[in-house]
Amino acid sequence: MWNYMLDNNHGPWRPGGCNICLGAIDIDSKDYRTMTKNSHYYAMAHLSKVIQPGSHRIASADNVQEGIYYSAFENPDGSYAIVLLNENRESQPVVVVAGDKRFIYLSEPQSVSSFRW
């Protein structure tokens with residue numbers, strides 16, 4: 001997610017730069033008005049909703065189901081954030097425990113979910 005916006009040819013491209021880079025948004029070079037939001041755009045939306053500037057990724061470990069991936073963060077204001085990916089084709093119950101706080105979430109199939117508390 002190095003580039004926020006590139007044209008449909010993945011440009012502008014600089015010699016020695018990334019030749020396989022993808023933009024969060026592609027803009028059509030035929031009219032420079034038509035835009036397509038890519039998966040990176042939505043990933044950035046999830047991350048930026050719950051993870052504040054200056055946050056730190058924190059250790060998190062548990063015996064989660066196959067196809068479930070997540071990262072946890074501590075924000076500067078003391079809140080916590082988790083972004084969770086469910087690659088499975090079925091819903092998955094996920095239990096999040098942090099100290100004396102706990103919640104259960106039914107993660108939808110092939111989805112990304114964001115939490116802050």
Side-chain angles (χ1 to χ4, degrees):
M1 292 191 278
W2 181 253
N3 297 289
Y4 186 71
M5 183 180 286
L6 295 175
D7 69 18
N8 52 297
N9 299 311
H10 306 286
W13 186 82
R14 294 177 48 104
C18 178
N19 61 355
I20 59 166
C21 291
L22 301 174
I25 299 173
D26 288 343
I27 187 164
D28 192 332
S29 62
K30 292 176 188 162
D31 64 9
Y32 287 101
R33 295 180 64 122
T34 305
M35 293 184 234
T36 304
K37 296 174 183 173
N38 297 315
S39 60
H40 292 99
Y41 176 87
Y42 297 101
M44 289 298 293
H46 273 278
L47 296 168
S48 64
K49 279 187 177 182
V50 298
I51 303 168
Q52 301 170 343
S55 295
H56 297 282
R57 186 164 183 255
I58 56 176
S60 56
D62 203 345
N63 204 4
V64 296
Q65 302 92 321
E66 186 174 329
I68 300 288
Y69 305 95
Y70 62 95
S71 290
F73 301 84
E74 183 173 4
N75 289 316
D77 67 1
S79 65
Y80 294 98
I82 291 180
V83 178
L84 176 112
L85 168 66
N86 179 4
E87 287 188 335
N88 297 300
R89 294 186 181 270
E90 60 276 341
S91 297
Q92 296 289 320
V94 176
V95 179
V96 177
V97 179
D100 61 346
K101 306 284 187 211
R102 168 189 171 114
F103 66 89
I104 300 171
Y105 177 74
L106 185 61
S107 178
E108 295 297 321
Q110 300 179 326
S111 66
V112 176
S113 305
S114 307
F115 307 95
R116 186 174 75 206
W117 72 97

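All heavy atoms count here, side chains included; hydrogens, waters and symmetry mates do not.
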Requested in this report: Report yes or no: do Y32 and Y4 belong to one cluster of Ile/Leu/Val/Met/Phe/Trp/Tyr joined by side chain heavy-atom distances under 4.5 Å?
Outcome: yes
Query - Test item: I51 and N75 side chains (from C-beta on) under 4.5 Å apart, heavy atoms - result: yes
Query - Path from Y80 to I104 over hydrophobic side-chain contacts below 4.5 Å - result: no
**Report entry** Minimum heavy-atom distance between P76 and Q52, given as atom pair plus value
**Finding:** CD-OE1, 3.3 Å
**Report entry** N/O donor-acceptor pair under 3.5 Å between Q65 side chain and P93 backbone
**Finding:** yes
Report task. Look at the side-chain heavy atoms of Ile, Leu, Val, Met, Phe, Trp and Tyr, link any pair under 4.5 Å apart, and say whether I25 and L6 land in one connected group. Result -> no
Report task. Measure from the side-chain N and O atoms of N38 to the backbone N and O of H40, and report whether any donor-acceptor pair falls under 3.5 Å. Result -> no
**Report entry** Gap separating the OG atom of S114 from the CG atom of L84, nearest 0.5 angstrom
**Finding:** 9.0 Å
Report task. May I have the step-by-step check of side chain to side chain contact (heavy atoms under 4.5 Å, CB included) for Y70 and V94, ending in yes or no? Result -> CA-CA 11 Å; Y70 62 95; V94 176; over 6 Å; no
Requested in this report: Kindly compute the distance separating CD (E108) from CD (Q92), expressed to the nearest 0.5 Å.
Outcome: 11.0 Å
Query raised in the report: With under 30° as parallel and over 60° as perpendicular, where do the rings of F103 and W117 fit, or are they tilted in between?
Result: perpendicular
Requested in this report: Please check if any side-chain donor atom of T36 sits under 3.5 Å from a side-chain acceptor atom of D26, or the reverse.
Outcome: no
Query - Main-chain N/O of R33 paired to D31 side chain as donor or acceptor, under 3.5 Å - result: yes
Query - Nearest-0.5 Å distance, CZ of residue F73 to OG of residue S60 - result: 8.5 Å
Report task. Run the numbers on S71 and V83 for side chain to side chain contact (heavy atoms under 4.5 Å, CB included), then give the verdict. Result -> CA-CA 6 Å; S71 290; V83 178; 5.6 Å; no
Query raised in the report: What's the spacing between R116 CZ and I82 CD1 if we round to 0.5 Å?
Result: 13.0 Å
**Report entry** Gap separating the CD1 atom of I68 from the CG atom of L85, nearest 0.5 angstrom
**Finding:** 7.5 Å
Query - Over all atoms of both residues, closest heavy-atom pair of N8 and S29 - result: OD1-N, 2.7 Å
Report summary line: Interatomic distance, CD@E90 vs CG@N88, rounded to 0.5 Å, equals 5.0 Å
